[in-house]
Amino acid sequence: MQVAVVTFDGFNELDSFIAAGLINRAPGITAYLATPAPVVTSMNGVEVRGQRPLEFAAEADVVLVGSGIKTRDVVADEGLVAALPLDPARQLVGSQCSGALVLAKLGLLGSMPACTDTTTRPWVEACGVTVLDAPFHAEGGIATAGGCLASQYLAAWTLTRTVGEAAARAAIDYAAPVGEKAAYVDRVMAVVGEPALR
């Protein structure tokens, strides 16, 4: 299984790195940073070399669209949008924070409510999407997460839907704070919910 963590210039490090890092702790699945240029710079000036081109998103089993300070520029760029021919019928598709704006622009949310960060909320709502006051929501093969640290939910959802709940629990357990592991894992999995219901 291959995951494209779509990462644009101006990206939020927490959004891309937490999801990719957690997913890459599970066997049988690999997350790659998919970028529109060989090197992208984060919102805090961290330069990162992409692992796959943006076009990799079209062939990945899972696509997670990250967030950043330039997402409104991204959705205004028809070339970038056209490079993301995502298909929820054959791919799992998720967004982190302002990544929901990309999913809205692609027409993937439809009548589905979404989660996003508080800064992006009015822009997503302007697209006609209802924004939930929640960290995570999924319907079918589409999930949205709101708030940087909600990327753990997006990663757990991805792992649960691809390589199983046990793998998701193990990955979250590995990263969870010492002394809080069991409670932390249970809370994350409770937010993600039973995969059969998604």
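It should be emphasised that the depicted structure is a prediction, and the values quoted were computed from it without experimental measurement.
- With a 6.0 Å radius and a threshold of 12 heavy atoms from other residues, nucleotides or ligands, Asn44 has its CG atom above the threshold.
- Tracing side-chain contacts under 4.5 Å through hydrophobic residues (I, L, V, M, F, W, Y), one reaches Ile23 starting from Val163; they form part of the same cluster.
- Hydrophobic clustering (ILVMFWY, side-chain heavy atoms < 4.5 Å, transitive): Val40 and Ile69 are in distinct clusters.
- Between the side chain of Asp15 and the backbone N or O of Gly66 there is no donor-acceptor pair closer than 3.5 Å.
- No hydrogens or angles considered: a donor-acceptor pair under 3.5 Å links the side chains of Thr7 and Ser16.
- Side-chain contact check for Thr41 versus Val46: every heavy-atom pair is 4.5 Å or farther apart.
- Looking at every heavy atom in both residues, Gly99 comes nearest to Ser95 through C-CB, 3.3 Å.
- Cluster partners of Leu101, using a side-chain heavy-atom cutoff of under 4.5 Å among ILVMFWY residues and allowing indirect links, are Val6, Phe8, Leu54, Val63, Val65, Val74, Val75, Leu80, Val81, Leu84, Leu86, Val93, Val102, Leu103, Leu106, Leu108, Leu109, Met112, Trp123, Val124, Val129, Val131, Ile142.
- With Thr162 contributing its side chain and Thr158 its backbone, the two residues share a donor-acceptor pair below 3.5 Å.
- By the rule that hydrophobic residues join a cluster once side-chain heavy atoms approach within less than 4.5 Å of another member, Tyr32 and Leu92 end up as members of separate clusters.
- Salt-bridge check for Asp186 with Arg169: passed, with a basic side-chain N closer than 4.0 Å to an acidic carboxylate O.
- Residues Ala57 and Gln91 come closest through the heavy atom pair O-NE2, 2.7 Å.
- Scanning both residues, Ala82 and Pro85, for their nearest heavy atoms gives O-CD, 3.8 Å.
- Across every non-hydrogen atom of Gly94 and Leu154, the tightest pair is CA-CD1, 4.1 Å.
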Could you walk me through whether Phe17 and Leu33 satisfy the side-chain contact (heavy atoms from CB on, under 4.5 Å) test, starting with their C-alpha distance in whole Å, then the side-chain angles of each, then the deciding distance to 0.1 Å, before giving a yes or no?
CA-CA 9 Å; Phe17 295 160; Leu33 297 185; 3.8 Å; yes

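- Taken from NE2 in His137 to OG1 in Thr130, the straight-line distance is 10.0 Å, to the nearest 0.5 Å.
- Side-chain contact check for Glu139 versus Pro113: some heavy-atom pair is nearer than 4.5 Å.
- Residues Leu132 and Trp157 do not share a hydrophobic cluster, clusters being chains of Ile/Leu/Val/Met/Phe/Trp/Tyr side chains in contact below 4.5 Å.
- Put simply, the side chain of Gln152 reaches to within 4.5 Å of the side chain of Tyr184, judged on heavy atoms.
- Residues Tyr153 and Gln96 have side chains that never bring a donor and an acceptor to within less than 3.5 angstrom of each other.
- In this structure, CD on Glu165 lies 11.5 Å from CG on Leu159, to the nearest 0.5 angstrom.
- Using a distance-only test at 3.5 Å, with no hydrogens or angles considered, a donor-acceptor pair links the side chain of Thr144 to the main chain of Cys115.
- Here the closest heavy-atom approach between residue Cys148 and residue Cys97 is recorded as N-SG, 3.8 Å.
- Distance check, rounded to the nearest 0.5 Å: CG of Asp61 to CZ of Arg161 gives 12.5 Å.
- Under the 3.5 Å distance criterion, the side-chain polar atoms of Thr71 are matched with a main-chain donor or acceptor of Gly68.
- Without hydrogens or angle criteria, Ser42 side chain to Gly10 main chain gives no donor-acceptor distance under 3.5 Å.
- One hydrophobic cluster, built from ILVMFWY side chains closer than 4.5 Å, holds both Val5 and Leu149.
- Between Ser98 and Thr119, every side-chain heavy-atom pair lies at or beyond the 4.5 Å cut-off.
- Residues Val48 and Phe11 meet the side-chain proximity criterion, which asks for heavy atoms closer than 4.5 Å.
- No donor-acceptor pair under 3.5 Å is formed between the side chain of Thr120 and the backbone N or O of Thr116.
- Residues Asp9 and Pro36 form no side-chain contact, since every pair of their non-hydrogen atoms from C-beta on lies 4.5 Å or further apart.
- Within the 4.5 Å cutoff, the side chain of Val185 has heavy atoms near those of the Met189 side chain.
- Within 6.0 Å of CZ on Arg49 lie no more than 12 heavy atoms contributed by other residues, nucleotides or ligands.
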For Glu78 and Lys105: C-alpha separation, side-chain torsions, deciding distance, then whether salt bridge (charged side-chain N to carboxylate O under 4.0 Å, His left out) applies.
CA-CA 10 Å; Glu78 294 299 328; Lys105 174 71 173 184; 3.6 Å; yes

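- Taking every heavy atom of both residues into account, Ala150 and Pro135 meet most closely at CB-O, 3.5 Å.
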Can Leu14 and Ser151 be said to form a side-chain contact (heavy atoms from CB on, under 4.5 Å), step by step?
CA-CA 8 Å; Leu14 295 175; Ser151 54; 5.6 Å; no

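- Looking only at side-chain heavy atoms (C-beta outward), Gln2 and Phe56 come within less than 4.5 Å of each other.
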